[in-house]
Amino acid sequence: MLDLDHARHRMVDVHIARRGVSDERVLEAMRTVPRENFVETGFEEFAYEDAPLPIAEGQTISQPFIVARMIEAAELEPADRVLEVGTGSGYAAAVMSLLVDKVFTIERHDKLAETARRRMKAGGYTNVEIRTGDGTKGWPEAAPFDAILVAAGGPRIPEALKQQLDIGGRLIIPVGERPRSQRLMRITRTSGGKFDQEDLGGVMFVPLVGEQGWADEAGATAARVLRGRSLPGMIAAAAEELPHFEDPAFGAMFDRFGDRRVVLLGEASHGSAEFYRARAAITRHLIENFDFTIVAVEADWPDAARIDREVRLRPASRAGKPPFRRFPTWMWRNTDVQAFLHWLRDRNEAVNDSRARAGFYGLDIYNMSDSIASVLAYLERVDPQSAEVARQRYGCLTPWQNEPTTYGRAVLSQNYRKCEEDVVAQCRDLLRKQLEYSTSDGEEFLDAAQSAQLIASAEKYYRIMYYGGAESWNLRDRHMFGTLEHILAANGSASKAVVWAHNSHIGDARHTEMGQVRDERNIGQVCRERFGDEVALIGFGTHRGTVACATDWGGPMEVKQVLPSLSESCERLFHDAGKPRFLLDMPDGASWREPLGKPRLQRFIGVIYRPETELTSHYADASLPRQFDAYVWFDETTAVTPLPMVREAARVPDTYPFGL
Ligand code: SAH
């Protein structure tokens, strides 16, 4: 819990009294009004920093010191009637209400006026009256005033305000030729037609927009500048723009993670080219400059193993099928992956010490797509209805496919359970064959004992996978982590790995709905638990574009439009930051981490994308800066370009990714 009372007293002592405000009544009023009730949700803990904070309509709540300074300069007396122009949050009006008889305050944005009115009521500030309108014209019916305070800066002093001062009345107003830079002026009406004028120093206020202030457009421009104070503005300020993928400077932006043992790179969909290209550029850099020798991806282990043989220039084996021929083929059979694998092979060729060559590994030892494909083929034969159920359930193994009908359908199908044993036996056989094949291959990544153990626990794995749900998700991620540990161990105690997997596997599940509501864990979380600071979790995101995906598990690849991100999502904040591509490092202590960390909708597109039901099928709550250490943003993304498959019956061999 934040001790806000303590913070409030500290603010008054340190930021206000010590800087020269000495009117004890003003200080006391500021110790009394809870400023946290006047800031936007999520900003409470910043309420007592001596800074202006963003409020709705692109406006700001003034810096506490300035509020105190202006009120002190107005020399308020208990019997005074005061006019404020620019209610904003209502904070300054609430402070003044404790010092005078009556406060009239005008705000040009109706929404702000309404919120302020609610706050006054809730806080029991009964002597404050709020009106929506142009304050440069004053409030003639309530004039004359003993004091007028203007909380926005205009090019000149509005005549109406001068005229509405009582004799002896004080007008405190920022005035300046430029929208964001003013002098704070005190005008005192000494007699009917005489005014004294004093300059109290330089200040920076939002523009005073109105008949006797700035014209709308000028004000709007200046207000846009002030968005620097809003959350998208803070993101924009902290964002580091990314160069072209092929520019070595791209990878160099990730030098800061070079000393980590494991760097996990996410993706917000399985079918957007920019995510693959960015991960390739980062990975190339880490391999070349920081001794990373493992690239472990969210792919089937046997398929990756075939590729690994080629990229590490080990004797190619003619046995086994060409890699990545199963749904979803575009994930690992596309032009960007191909380009990366070519690079990896060329680079390894130039490295004489075979141990220093970087390998390519699949984290799914249990060979998910092959297993699923053979299960589906089997069920299709013996019980098509069960096959349909299974297909739906496999959809759930990909990120956040909320398919409420899945469970109902299972009840319909009595045969589903009956098929379980056969299905599991099939998967087990498949695995056994693979392991035999891999040990005959001479790469002693798994010894005989490990293989036997793997086969024994596969039973449970396949059984649970067959039924779907949180437990199967956990098992898969635990298993992927187990594979990663194996690979690291097999490569020696100094080995370092880059992991490519979906954001849903990488973003620490404890800070997402999947962890908090569904008890799901993931590889990112387990890596943090196991390796602590030696791990970097890097998420990727996009606002809109096109994506390669399918509508159902096993269906054909389509290119769909990614809908613009929802207005209340994290993605929208990044979009509003207004920069096309950037890295946002999110170190502890960054001032925007807390407000950004409020749980917000985040989008997850896997191999399946259903824009028709996007909110329920693809969005879940998550706290971005807690999930990830850094975030890579591409405002617009494009679908990957899949590479064609040579039909199995064709005479020409399928040589992906390396042509003859
Ligand atoms: N006293 C406020 C400061 C708000 S910032 C607080 O403590 O929170 C200034 C406010 O002046 C903004 O909300 C802006 O919308 C408002 N404003 C600007 N021009 C105005 C005008 N002509 N009439 C009334 N309000 C105006």
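Atoms within a ligand are numbered from 1 in the order they appear, just like the ligands themselves.
Evaluation of the ring-ring contact (aromatic ring centres under 6.0 Å, His included) test over residues 69-102, restricted to residues two or more places apart or in two chains, returns Phe38-Tyr91.
Stacking of Arg131 on the aromatic ring of Trp139 is recorded, both the 6.0 Å distance cut-off and the 45° axial limit being met.
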Tabulated below should be the N or O atoms of ligand 1 paired with protein N or O atoms at under 3.5 Å; can you produce that?
from     : atom 1 : to     : atom 2 : distance (Å)
ligand 1 : 1 (N)  : Glu84  : OE2    : 3.0
ligand 1 : 1 (N)  : Gly86  : O      : 3.2
ligand 1 : 7 (O)  : Ala92  : N      : 3.3
ligand 1 : 8 (O)  : Ser89  : N      : 3.1
ligand 1 : 8 (O)  : Ser89  : OG     : 2.6
ligand 1 : 13 (O) : Glu107 : OE1    : 2.8
ligand 1 : 13 (O) : Glu107 : OE2    : 3.4
ligand 1 : 15 (O) : Glu107 : OE2    : 2.6
ligand 1 : 19 (N) : Val209 : N      : 3.0
ligand 1 : 22 (N) : Asp134 : OD1    : 3.0
ligand 1 : 22 (N) : Val209 : O      : 2.7
ligand 1 : 23 (N) : Gly135 : N      : 2.8
ligand 1 : 25 (N) : Arg108 : N      : 3.2

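Contacts of Arg510 classified as side-chain hydrogen bond (donor to acceptor under 3.5 Å, both in side chains), with partners at least two apart in sequence or in another chain: Asp508. Remark: Pro580 pairs with no residue by the side-chain contact (heavy atoms from CB on, under 4.5 Å) rule, at least two apart or across chains.
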Under the salt bridge (charged side-chain N to carboxylate O under 4.0 Å, His left out) criterion, do Glu211 and Lys137 qualify, and how do the steps go?
-> CA-CA 7 Å; Glu211 206 175 276; Lys137 295 191 266 187; 3.7 Å; yes

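Aromatic ring pairs are classed by plane angle as parallel below 30°, tilted from 30° to 60° and perpendicular above 60°; the pair His505 and His502 is perpendicular.
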